[in-house]
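Whatever order the structure lists ligands and atoms in, that order sets their numbers, starting from 1. Values below: all heavy atoms of this structure, side chains included; hydrogens, waters and symmetry mates excluded. Quantities reported herein were computed from a predicted structural model and do not represent experimental measurements.
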Amino acid sequence: MHFGPRHWYGNNKLLLEKINSYSADIVINTGDNTTDALENEFEAAGDFLKLINCPHIVSIPGNHDKRNMRSADYFRQYIDNVDVIRPLNRDNCKKNSIFLDAYTNGITDQFTDFNFLKKITINDVSVLVVCVDTTSLYEDIGYVDIEMLRTLSHAIGKESYDRIILLVHHSILDSDSDPLFNSRIVVEFVREHKIDYVFCGHTHQLSMMKSTDLYHKHSFTQYKNGSLSSINTPNDTNMLLYYKNFGAAAMDVHVVRVKVENECLRFTEEVITAS
Ligand SMILES: [Fe+2]
């Protein structure tokens with residue numbers, strides 16, 4: 001969404017009406033809520049998210065949301081006050097600035113990574129949403145801390161669920177010039193937990209890719225949503241994806257493109273058969 005100078009000039013109210021017309025069970029927000037992680041940008045993004053009529057909105061931070069030492073505080077205050085999972089052993093963490101000196105900086109939450117689980121039950125089907133933070137403070141390139149994956153695996157092992165999905169900001173299959181540096185360990189994590197669906201954002205460009213590991217006989221699909229409402233869309237239009245009958249044989253994906261036309265929005269919708 002890139003609230004701030006990179007947010008689009010379109011009408012948010014009309015966009016919200018369109019989003020709400022789907023009556024979604026789950027809304028997935030794959031990060032870059034802000035442009036520069038300023039407090040007023042987080043606040044505007046949070047105000048937008050509050051107007052989505054959905055009981056289960058899952059938001060993760062993007063690299064743009066980590067451009068401020070107060071990012072973790074602001075994300076929790078305005079976007080979602082999630083139960084962030086702390087590393088089993090903080091001495092094993094390798095990511096830059098994953099811990100800050102809270103005393104010196106005057107911040108309330110000195111841990112900057114947003115790894116968490118959400119279990120959502122819809123029509124008696126439980127979906128475990130695994131959120132892995134690929135972003136680092138002050139950096140656009142992605143990096144995943146292996147100790148956090150180990151910690152998440154430990155937490156997932158304690159859960160029971162019918163389906164499991166993964167949310168990451170950076171793509172783990174196709175990258176741009178600010179890629180996820182160590183995507184291999186995330187692909188292994190996907191295989192280890194038999195995750196079938198991965199959702200990511202970051203590049204402002206739609207891609208839907210199925211990857212098959214021929215040696216381990218494991219496949220997964222990654223959906224990379226384009227931008228919802230950013231002016232920074234050189235590669236593609238603003239869009240949202242609607243996953244109908246998610247995970248079922250009859251699943252299809254609606255690619256809903258959004259064009260700004262004067263005071264109005266024009267929506268076009270393609271239906272992509274998922275199988
Ligand atoms: Fe990004």
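Contact check on R86 versus D109 returns a salt bridge, with a Lys/Arg side-chain nitrogen under 4.0 Å from an Asp/Glu carboxylate oxygen.
Ring-plane geometry between F111 and F99 is classed as tilted, the angle between the planes lying from 30 to 60 degrees on a 0 to 90 degree scale.
When the ring-ring contact (aromatic ring centres under 6.0 Å, His included) test is applied to Y223, the partners found at least two apart in sequence or on another chain are F199, Y243. Shown here are the ring-ring contact (aromatic ring centres under 6.0 Å, His included) partners of F220, two or more places apart in sequence or in another chain: there are none. The ring-ring contact (aromatic ring centres under 6.0 Å, His included) test applied to H154 returns no partner, not counting sequence neighbours.
Nearby protein atoms of type N, O or S around the Fe ion (ligand 1) amount to 4 (distance under 2.8 Å).
Between S71 and N68, the side chains place no donor N or O within less than 3.5 Å of an acceptor N or O (distance only, hydrogens not considered).
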